[in-house]
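Here the structure comes first, spelled out in structure tokens, and everything after it is commentary.
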Amino acid sequence: MTPPDPGPGPLLEVKGLRKYFPIRKGVFRKVLGHVRAVDDVSFSLDRSETLALVGESGCGKTTTSRCILRALSPTQGRILFRTGEGAVVDVARLPKSQLRPLRRQMQMIFQDPFSSLNPRKTLLDIVGEPLLVNGMRSRRERAERVAELLRLVGLRPEYMRRFPHAFSGGQRQRIGIARALALNPSLVVADEPVSALDVSVQAQILNLMVDLQAQLGLTYLFVAHDLSVVKHVSDRVAVMYVGKIVELAPTERLFDAPRHPYTEALLSAVPKPDPRLRAQRIVLQGEVADPANPPSGCYFHPRCPYAVPICRTERPRLEAVAPGHLVSCHRARELSLRGVGA
Amino acid sequence: MWWRFRRHKLAMVGSVVVLLFYGVVLFADFFAYAAPTASEAQRSLLPPQPLHWLDGGFRPHVYGFSGRRDPVTLKRVYTPDPAKKIPVRFFARGFEYRLLGLIPADRHLVGVEGAAAEETLFLLGTDEQGRDLWSRLMYGTRTSLTIGLLGVTISLVLGVLLGGVSGFCGGGFDTVIQRVIEILRSIPTIPLWLGLAAALPSSWTVGQVYFAITLIISLIGWTELARVVRGRFLSLREEEFVMAAELAGSSQARIILTHLVPSFSSHIIAATTLALPAMIISETSLSFLGLGLRPPAVSWGVLLQQAQNVQALAISPWLLTPAIPVIVVILAFNFMGDGLRDAADPYGH
Amino acid sequence: MPTDGRPILEVRELRTYFFPEEGTVKAVDGASFEVFPGRTLGIVGESGCGKSVTAKSILRIVERPGRIVGGAIHLRREGGTDPAATIDLATLDPAGLEIRHIRGGDIALVFQEPMTSFSPVHSIGNQMVEMIRVHTRLDKAAARERAVEMLRLVGIPRPDRRIDEYAFQLSGGLRQRAMIALALSCHPRILIADEPTTALDVTTQAQILDLLRHLQAQERMAVVLITHNLGVVAEMCDEVVVMYLGRVVERGPVDAIFHAPKHPYTRALLRSIPSIRASVRTKLPTIAGSIPHPYNRPPGCPFHPRCPDVIRGVCDRSEPGPRPVGPGQTASCFLYEESP
């Protein structure tokens with residue numbers, strides 16, 4: 001069941017990833033400018049690890065994940081993926097024709113459990129499609145594997161002849177997970193896998209994902225906006241703002257001792273389910289910067305309560321403030337910011 | 001989808017009516033009892049003969065008649081003769097034909113078998129040349145409804161193909177096809193048809209004209225279908241299951257054939273059903289204006305052409321009867337299409 | 001406004017059912033609660049619990065095939081000579097003059113998706129001016145002045161320019177602010193906010209919640225906050241109503257609900273929500289199964305198939321009514337003996 005050992009080194013290494021979308025206008029579709037959806041993003045992902053990409057809408061977290069899967073072609077940068085055979089390939093430069101063998105090893109769990117399952121197909125067809133197109137021709141063999149996968153995600157194999165509409169949101173998300181696991185991928189990109197679910201089912205799916213990771217040695221890139229969800233599943237967290245990573249740290253460290261003012265504000269903005277903790281929140285002023293026309297210097301400076309003149313003029317670099325803790329802030333070393341106590 | 005359609009009562013009625021009409025299309029020869037071109041000057045503009053069912057037991061019959069010309073108005077006046085009973089039989093022998101074009105037969109639904117030549121049946125009366133309107137209506141139905149079907153098939157192929165290319169490839173293809181559609185739709189249809197129909201060589205046979213007219217009609221029809229297909233393609237392409245299939249390694253062809261096409265086939269069926277009446281109306285109006293099929297071909301439009309003249313209409317109102325099937329069939333198609341569309345809509349509860 | 005102990009809005013045994021062709025859906029089945037001036041009531045629950053239908057029932061904007069089949073919605077009349085006089089909204093003609101005056105005038109509504117609440121063909125200002133003029137005697141210029149003032153109040157920069165913009169020209173956060181300005185432009189006594197921050201990012205959500213709290217204190221209105229987010233409830237509300245499948249399962253003061261929950265559903269829900277304060281990578285306790293479809297509502301207590309404390313033979317037979325379980329706190333559960 002576990003994917004073959006690809007040898008030492010990170011499973012995925014993203015270096016200087018950029019994705020610009022042109023803004024076109026007029027009859028001749030003249031390019032007027034670019035939306036810098038992802039702007040120089042670098043990180044690496046070890047085997048059996050969960051890295052969470054968090055941020056608010058438009059921060060580029062989804063675009064980053066789609067570039068890694070090559071659902072979008074990156075504008076610039078390298079995406080180095082270690083295949084099951086131990087070779088390292090640059091996903092960003094691979095021609096489309098060579099993507100197929102790679103796609104067995106990277107799969108995706110989608111956000112919307114309704115739109116992600118074709119309503120006209122049975123579970124056998126949905127979960128079995130990756131098997132079929134990757135060469136498992138025998139229907140009986142496929143049915144056996146699908147039954148195995150359904151059991152794995154906590155669904156009864158007898159359900160495989162049913163259509164998705166017979167299932168609740170949580171069950172549909174399990175079906176989506178079964179499909180993602182059909183080809184024994186090593187990397188699973190989960191794009192907001194629980195944000196469309198009811199609170200009482202979110203926990204079930206999160207637990208399932210954690211269990212499957214332990215069982216199958218999966219590596220997750222977990223894209224989410226909900227920091228409380230992230231805390232339950234990830235080993236490390238990368239916070240994105242306007243196309244850039246502003247802070248990347250082990251989960252515990254990021255929540256307890258954030259070093260970037262945006263992370264602090266984000267943590268403090270999450271409503272805590274305890275009326276006795278109605279703390280003074282840091283309420284950020286203004287709006288998220290426009291990625292087509294970002295501000296000078298640090299993109300966060302117009303909203304930052306700690307901004308100093310240098311923030312307006314100079315763009316900070318993502319630098320380590322402690323082992324494994326990267327922050328992109330001029331004042332990262334001097335500020336003492338508030339996290340959330342356990 | 002089927003059970004949802006079944007609950008739509010009006011649509012069910014519509015479908016039954018449509019089926020009946022296509023039954024007539026298949027067996028027009030059987031339902032008619034006179035050859036569509038058999039004419040007799042002695043019986044021109046005969047009013048419908050009322051059918052009497054009983055004559056001491058179930059013995060359907062019509063009365064004979066005698067005709068003479070009114071010396072003042074020069075109009076032929078017919079007087080029924082109740083003494084002369086012409087028996088009407090079911091499954092009577094009549095003129096010979098080939099059933100479905102294959103099996104030689106001579107049985108007809110009704111007829112006046114073996115009777116003398118002047119003992120004939122005119123359920124809906126006759127036209128100016130003394131041809132039986134009922135029989136002509138049966139043959140007209142065949143022509144008009146098959147033209148609709150053929151036209152829709154051509155439009156469907158064109159529409160799905162071009163709409164699909166437009167929606168799936170996008171970019172330059174899409175722009176060009178959309179502009180072509182806009183141009184085609186912006187030309188007023190009647191003058192366009194006029195021009196095209198006028199361009200048909202008069203030396204063409206009935207069959208050639210028939211196909212040419214079908215093509216002309218479908219030229220406009222496909223644009224609507226292409227738009228439907230393109231719209232479905234565009235919205236389906238955004239669905240996450242399409243991306244999931246792509247990530248699973250499915251080829252473009254597989255995604256189109258197994259994910260996209262089945263997802264909008266029901267919409268296509270509904271759109272087609274709604275396009276059919278438009279086709280039928282187009283043919284009827286073209287022929288009515290004398291631009292479509294021309295005699296000796298028989299279609300609803302050709303039949304109605306005789307009712308163009310107000311004078312003729314005042315004297316012999318039965319010439320207008322071909323309008324009834326036109327209305328009935330159009331309504332039936334529309335009800336059926338509405339029902340199909342509602343049933344195909346996954347969001348209609 | 002100090003609470004004089006009398007609710008401004010009192011909902012009693014509200015039942016709103018939907019009658020589609022497939023059968024009956026009991027969207028709201030016997031909901032009772034009170035709303036006090038100057039305080040915030042939270043109605044919390046997951047999908048299908050009937051929280052939004054409750055709000056729509058109060059304003060009498062339930063779409064067909066739904067309708068109120070039972071219960072009463074008593075709104076206390078404003079000022080007047082007899083302060084005890086109330087009007088039962090459940091009996092009003094949903095298209096009548098009276099309810100139209102109450103909508104927007106006495107009770108205003110803020111939706112989840114502000115984009116659909118604004119007309120795309122009228123500027124924000126025009127819609128606000130129209131709303132103000134329907135409910136007050138102000139002339140056009142004065143109404144516009146009030147609209148600008150409201151936009152400034154909700155923190156929209158350069159309100160005198162923004163007033164002539166259209167909803168689609170604003171960002172999500174500004175749009176929600178404009179929606180609140182529209183809702184408050186006639187100084188309603190009750191504001192119903194249906195998932196007002198669900199479509200927004202956390203930092204924007206914090207801004208909007210802050211704004212709501214600030215405005216409530218300033219306008220001294222009652223707020224009914226409908227949400228699925230327990231964090232938002234904990235931060236904003238004074239009293240909480242927990243709903244499950246159309247039934248109020250528990251209600252009480254916010255502190256009791258979060259620190260001494262009594263109903264098994266409330267308890268399980270609170271345990272199962274991912275928390276930012278949890279330790280890293282801990283497994284969450286879960287609620288077994290999923291929410292049943294409203295058509296297949298289980299008999300007896302609607303929660304019994306998922307309930308860890310189910311009493312066989314009792315919970316699946318009859319529906320429990322609310323029983324007092326603490327000061328101002330009731331739970332609809334057979335675990336708690338009916339008080340004599």
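A, B, ... follow the sequence lines: proteins, then strands. Residue 1 opens every chain.
- Looking at A:L284, both its backbone and its side chain come within 4.5 Å of chain C, counting heavy atoms on both sides.
- For C:H259, the part lying near chain A is the side chain, with the backbone staying farther off; criterion is any non-hydrogen pair under 4.5 Å.
- Separating the NZ atom in A:K272 from the CG atom in C:L230 is a distance of 14.5 Å, to the nearest 0.5 Å.
- For the pair C:K283/A:D211, a side-chain contact is recorded, criterion being any heavy-atom separation below 4.5 Å from C-beta on.
- Comparing C:A268, C:S171, C:G173 by how many heavy-atom pairs each has under 4.5 Å with chain A, the most go to C:S171.
- With a 4.5 Å cut-off on non-hydrogen atoms, A:V233 touches chain C through its backbone but not through its side chain.
- A distance of 12.0 Å separates CD1 in A:I205 from CG in C:L284, rounded to the nearest 0.5 Å.
- Atom CG of residue A:L266 and atom CD1 of residue C:I276 lie 8.0 Å apart, to the nearest 0.5 angstrom.
- Annotation for A:A269 and C:A206: closest pair CB-CB, 3.9 Å, computed over non-hydrogen atoms.
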message: Working note: A:E56 + C:T203, criterion side-chain hydrogen bond (donor to acceptor under 3.5 Å, both in side chains); need CA distance, chi angles, decisive distance, verdict.
response: CA-CA 8 Å; A:E56 299 181 278; C:T203 57; 2.4 Å; yes
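- The distance from atom OG1 of C:T282 to atom CG of A:N207, rounded to the nearest 0.5 Å, is 9.0 Å.
- Using a 4.5 Å cut-off between heavy atoms, C:A288 contacts chain A through its backbone alone, with no side-chain atom that close.
- The two residues A:S234 and C:V280 have their closest heavy-atom pair at O-CG1, 3.7 Å.
- Contact of the C:P274 side chain with the A:L206 side chain is registered, since non-hydrogen atoms from C-beta on lie closer than 4.5 Å.
- Of the options C:D255, C:V240, C:I257, C:V233, a side chain to side chain contact (heavy atoms under 4.5 Å, CB included) to A:P275 is made by C:D255 and by none of the others.
- Using a 4.5 Å cut-off between heavy atoms, C:I287 touches chain A through backbone and side chain atoms alike.
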query: Given A:H225 and C:V202, is the side chain to side chain contact (heavy atoms under 4.5 Å, CB included) satisfied, shown in steps?
result: CA-CA 8 Å; A:H225 72 276; C:V202 266; 5.7 Å; no
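- Contact annotation for C:E46: both backbone and side-chain heavy atoms come within less than 4.5 Å of a heavy atom of chain A.
- For A:V210, the part lying near chain C is the side chain, with the backbone staying farther off; criterion is any non-hydrogen pair under 4.5 Å.
- In this structure, no portion of C:P157 lies under 4.5 Å from any heavy atom of chain A.
- Contact annotation for A:S57: both backbone and side-chain heavy atoms come within less than 4.5 Å of a heavy atom of chain C.
- A distance of 4.5 Å separates CD1 of C:I291 from OG of A:S200, quoted to the nearest 0.5 Å.
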query: Taking it one step at a time, do C:R277 and A:L277 satisfy side chain to side chain contact (heavy atoms under 4.5 Å, CB included)?
result: CA-CA 11 Å; C:R277 298 172 59 80; A:L277 286 173; 3.4 Å; yes
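- Ranking C:S290, C:S272, C:S275, C:P285 against chain A, the residue ahead of the rest is C:S275, based on heavy-atom pairs under 4.5 Å.
- For the set C:R281, C:R306, C:Q207, C:M236, the entry with the most heavy-atom pairs within less than 4.5 Å of chain A is C:R281.
- Both the backbone and the side chain of A:Q204 come within contact range of chain C, each with at least one heavy atom under 4.5 Å from a heavy atom of that chain.
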